[in-house]
Amino acid sequence: MIKTKKLTKTFDKNEVLKGIDVNIKQGEVVVVIGPSGSGKSTFLRCLNLLEEPTSGTIEFEGTNLTDQKTNINELRQKMGMVFQGFNLFPHKSVLDNLTISPIKVKGETKEIAEKNALDLLDKVGLKDKASSFPSQLSGGQKQRVAIARALAMNPDVMLFDEPTSALDPEMVGEVLTVMQDLAKDGMTMVVVTHEMGFAKEVADRVIFMAEGIIQEEGTPEEIFEQPKNSRTQDFLSKVL
Ligand code: ADP
Ligand code: MG
């Protein structure tokens, strides 16, 4: 579904991604781990062209994204993204947060968008919050709304950039549970996280990134139980 070849990204003289080759299959859950500053967010942002790659190619569902002719807006509809901060529209109700893009961008009718939104809110356990405003929600609830909002566009893949890092510890679990359910439903997911328990349990594949390259990748068992690379070993000894 997503294939990058020799993907690089340089900011001024800082080469942040130094040639990333990945191949993500439909329905696969790929968890990206690695130290802060290693290029994880930049990698995710390149996948949906929030950052313009410096060189290399990204193929998504058979389309070369680095081709000038690619319609970026169409592409973004197919890639849902959830960030560390919740980025909800503060002056809109939860329901409106979920329906605004499907109505405006996809041309859905209000009725259909609202029905779909309520189904999604039900899925993330927040149907009763449809008429609340973001300021009335806890961090965990906001992040679940953010996930439902991304899903409302019916994306083919979901990208998560440290979705639980800004949450109080007691709210991390409810967000990870929603993500786990999504994985069970067969969603293709790329997840940057420091939640090693989630990586172990939910990932089909774990990628360890450091200094702008993939140092090692494998199944959770391979990475967590028998890491080969000394950098992976060193990183895991600090976080586990
Ligand atoms: P991670 O998500 O692994 O912590 P990032 O991808 O956020 O790492 O950042 C990797 C490096 O790229 C850092 O040195 C950071 O300062 C740099 N960087 C990220 N975004 C920008 C930007 N927009 N402009 C300049 N430098 C950036
Ligand atoms: Mg980051």
Side-chain angles (χ1 to χ4, degrees), residues 2-24 29-58 60 65-66 72 75-76 79-88 139-140 142-143 146-147 150 155 157-169 171-172 175-176 179 188-200 202-203 205-218 220 223-224 227 229-240:
I2 303 175
K3 193 177 204 164
T4 71
K5 280 190 196 146
K6 296 187 177 156
L7 178 67
T8 77
K9 177 67 187 177
T10 301
F11 293 107
D12 298 320
K13 282 175 183 152
N14 184 10
E15 192 176 32
V16 171
L17 299 180
K18 300 175 181 163
I20 304 285
D21 294 279
V22 293
N23 201 342
I24 296 162
V29 178
V30 175
V31 170
V32 182
I33 61 172
S36 173
S38 57
K40 305 181 299 297
S41 295
T42 303
F43 169 63
L44 274 194
R45 293 166 60 80
C46 280
L47 290 185
N48 64 1
L49 301 182
L50 282 174
E51 297 289 356
E52 191 189 343
T54 304
S55 70
T57 58
I58 306 170
F60 174 58
L65 302 189
T66 34
I72 294 186
L75 157 80
R76 294 227 178 96
M79 291 190 177
M81 181 129 184
V82 176
F83 304 90
Q84 186 174 343
F86 319 111
N87 308 96
L88 298 175
K142 281 186 217 174
Q143 197 60 308
I147 293 170
V157 54
M158 287 282 286
L159 310 176
F160 292 88
D161 193 358
E162 297 199 29
T164 60
S165 294
L167 298 176
D168 290 334
M171 293 170 187
V172 169
V175 173
L176 293 179
M179 292 167 63
T188 309
M189 296 166 55
V190 186
V191 183
V192 173
T193 186
H194 294 294
E195 294 293 333
M196 298 301 149
F198 178 85
K200 280 183 190 169
V202 184
R205 181 150 51 109
V206 177
I207 289 177
F208 173 68
M209 195 183 272
E211 295 181 13
I213 63 169
I214 293 177
Q215 305 279 349
E216 183 166 2
E217 63 179 303
I223 296 296
F224 291 112
N229 184 310
S230 62
R231 276 173 195 278
T232 320
Q233 291 165 1
D234 182 51
F235 176 74
L236 291 175
S237 74
K238 287 176 185 145
V239 298
L240 288 178

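None of the values given here were measured: they were computed from a predicted structure. Indexing begins at 1, ligand by ligand and atom by atom, following the structure's order.
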J.: I'd like to know whether L176 forms a side-chain contact (heavy atoms from CB on, under 4.5 Å) with M179, so could you lay out the CA-CA distance, the side-chain angles of the two residues, the decisive distance to 0.1 Å, and finally the verdict.
T.: CA-CA 5 Å; L176 293 179; M179 292 167 63; 4.2 Å; yes
J.: Find out whether P35 and F208 are in side-chain contact, i.e. whether some heavy atom of one side chain is under 4.5 Å from a heavy atom of the other.
T.: yes
J.: Give a yes/no verdict on a cation-pi contact between K142 and F86, requiring under 6.0 Å between NZ or CZ and the six-membered ring centre and an angle within 45° of the axis.
T.: no
J.: Short check: is a protein heavy atom less than 4.0 Å from atom 15 (C) of ligand 1?
T.: no
J.: Is there side-chain contact between K200 and L240, with heavy atoms separated by less than 4.5 Å?
T.: yes
J.: In terms of atom number and element, which parts of ligand 1 are under 4.0 angstrom from non-hydrogen atoms of P35?
T.: 3 (O)
J.: Can you find an N/O atom of F11 closer than 3.5 Å to an N/O atom of ligand 1?
T.: no
J.: Looking at atom 1 (P) of ligand 1, what's its closest protein heavy atom, distance included?
T.: G37 N, 3.5 Å
J.: Does any N/O atom on V16 come nearer than 3.5 Å to any N/O atom on ligand 1?
T.: no
J.: Looking only at protein heavy atoms, which one is nearest to atom 5 (P) of ligand 1, and what is the separation?
T.: T42 OG1, 3.7 Å
J.: Do you see an N/O/S atom of S41, backbone or side chain, under 2.8 Å from the Mg ion (ligand 2)?
T.: yes
J.: Which protein heavy atom lies closest to atom 7 (O) of ligand 1, and at what distance to 0.1 Å?
T.: S41 CB, 3.7 Å
J.: Decide yes or no on side chain to side chain donor-acceptor pair (under 3.5 Å) for T54 and T8, but give the supporting numbers first.
T.: CA-CA 5 Å; T54 304; T8 77; 4.6 Å; no
J.: To the nearest 0.1 Å, how far is atom 8 (O) of ligand 1 from its closest protein heavy atom, and which atom is that?
T.: G39 N, 3.2 Å
J.: For ligand 1, which atoms sit closer than 4.0 Å to a heavy atom of S38?
T.: 1 (P), 3 (O), 8 (O)
J.: Examine K238 relative to F235 and say whether NZ or CZ is less than 6.0 Å from the centre of the six-membered ring and inside a 45° cone about the ring axis.
T.: no
J.: Check N14 against ligand 1 and report side chain, backbone, both or neither, counting heavy atoms closer than 4.0 Å.
T.: side chain
J.: So, T66 versus T57: side-chain donor-acceptor pair below 3.5 Å or not?
T.: no
J.: Does the side chain of T164 come within less than 4.5 Å of Q143's, by heavy atoms?
T.: no
